[in-house]
A.B. asks: 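Mind looking over this structure? Questions follow.
It should be emphasised that the depicted structure is a prediction, and the values quoted were computed from it without experimental measurement.
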Amino acid sequence: MIDVLYFAWVRERIGLPKERLETEAETVAALVEELKAREERYAAAFADLTALRVAVDQELTDWDAPLAGAREVAFFPPMTGG
């Protein structure tokens, strides 16, 4: 089981702040493909991965990051300064 957290407009599009999933995905990208296949709202949220960042166990990472042993994946828009 893995906890998947959604922040900002990702949460708004999906309609959930977080969920606990059973997944066979080996990478973040594979998890995203699983999510996109679930429902249209996930497909919409993950339509443009360049507009998203991802963290695995609270460490900023890339889409090809492995999920083996991970407890948490978080998706969020890039942070802006100002």
Side-chain angles (χ1 to χ4, degrees):
M1 295 293 269
I2 192 166
D3 288 322
V4 182
L5 285 63
Y6 309 108
F7 293 94
W9 57 260
V10 184
R11 177 179 58 223
E12 292 169 14
R13 287 186 188 169
I14 292 173
L16 297 169
K18 70 178 187 174
E19 58 188 320
R20 180 165 273 227
L21 300 177
E22 188 73 45
T23 182
E24 297 296 320
E26 294 184 7
T27 65
V28 172
L31 175 63
V32 167
E33 289 306 311
E34 280 184 15
L35 291 168
K36 285 168 65 175
R38 292 175 87 184
E39 290 180 41
E40 180 58 37
R41 60 189 174 138
Y42 291 94
F46 293 108
D48 181 8
L49 296 185
T50 64
L52 284 173
R53 297 293 177 264
V54 62
V56 174
D57 290 335
Q58 300 183 3
E59 294 276 332
L60 195 60
T61 192
D62 295 319
W63 299 104
D64 59 356
L67 291 180
R71 295 180 314 278
E72 178 185 279
V73 177
F75 297 102
F76 49 91
M79 303 300 162
T80 57

A.B. asks: Check Ala51 against Pro78 and note the closest heavy-atom contact, atom names and distance.
C.D. replies: O-CD, 3.3 Å

A.B. asks: Which atom names give the shortest non-hydrogen contact between Thr27 and Asp64, and what distance separates them?
C.D. replies: CG2-O, 3.8 Å

A.B. asks: Got more than 12 heavy atoms from elsewhere within 6.0 Å of CD, Glu39?
C.D. replies: yes

A.B. asks: When rounded to the nearest 0.5 angstrom, what distance separates NZ in Lys36 from CG in Leu31?
C.D. replies: 12.0 Å

A.B. asks: With rounding to the nearest 0.5 angstrom, report the CZ to CZ distance, Phe46 to Arg41.
C.D. replies: 11.0 Å

A.B. asks: Quick one: sort the Phe76 and Phe7 rings into parallel, tilted or perpendicular, breaks at 30° and 60°.
C.D. replies: perpendicular

A.B. asks: Report the C-alpha separation of Leu60 and Arg53 in whole Å, then their side-chain angles, then the decisive distance to 0.1 Å, and conclude whether the side chain to side chain contact (heavy atoms under 4.5 Å, CB included) test is met.
C.D. replies: CA-CA 8 Å; Leu60 195 60; Arg53 297 293 177 264; 4.1 Å; yes

A.B. asks: Can any side-chain N or O of Glu34 pair as donor or acceptor with the backbone N or O of Thr23 at less than 3.5 Å?
C.D. replies: no

A.B. asks: Within a strict 4.5 Å, meaning less than it, do heavy atoms of the Leu49 and Phe75 side chains meet?
C.D. replies: no

A.B. asks: Using modelled atom types only, decide if a donor and an acceptor are shared between the side chain of Asp57 and the backbone of Arg71 within a distance under 3.5 Å.
C.D. replies: yes

A.B. asks: Less than 4.5 Å apart, any side-chain heavy atom of Glu72 and any of Leu5?
C.D. replies: yes

A.B. asks: Answer yes if the side chains of Tyr6 and Glu19 hold a donor-acceptor pair under 3.5 Å, and no otherwise.
C.D. replies: yes

A.B. asks: Determine, stepwise, if the pair Leu52 / Val32 fulfils side chain to side chain contact (heavy atoms under 4.5 Å, CB included).
C.D. replies: CA-CA 11 Å; Leu52 284 173; Val32 167; over 6 Å; no

A.B. asks: Is the closest side-chain heavy-atom distance between Tyr42 and Ile14 below 4.5 Å?
C.D. replies: yes

A.B. asks: As a quick check of understanding, evaluate side chain to side chain contact (heavy atoms under 4.5 Å, CB included) for Val56 and Leu67, giving each step before the final call.
C.D. replies: CA-CA 8 Å; Val56 174; Leu67 291 180; 4.2 Å; yes

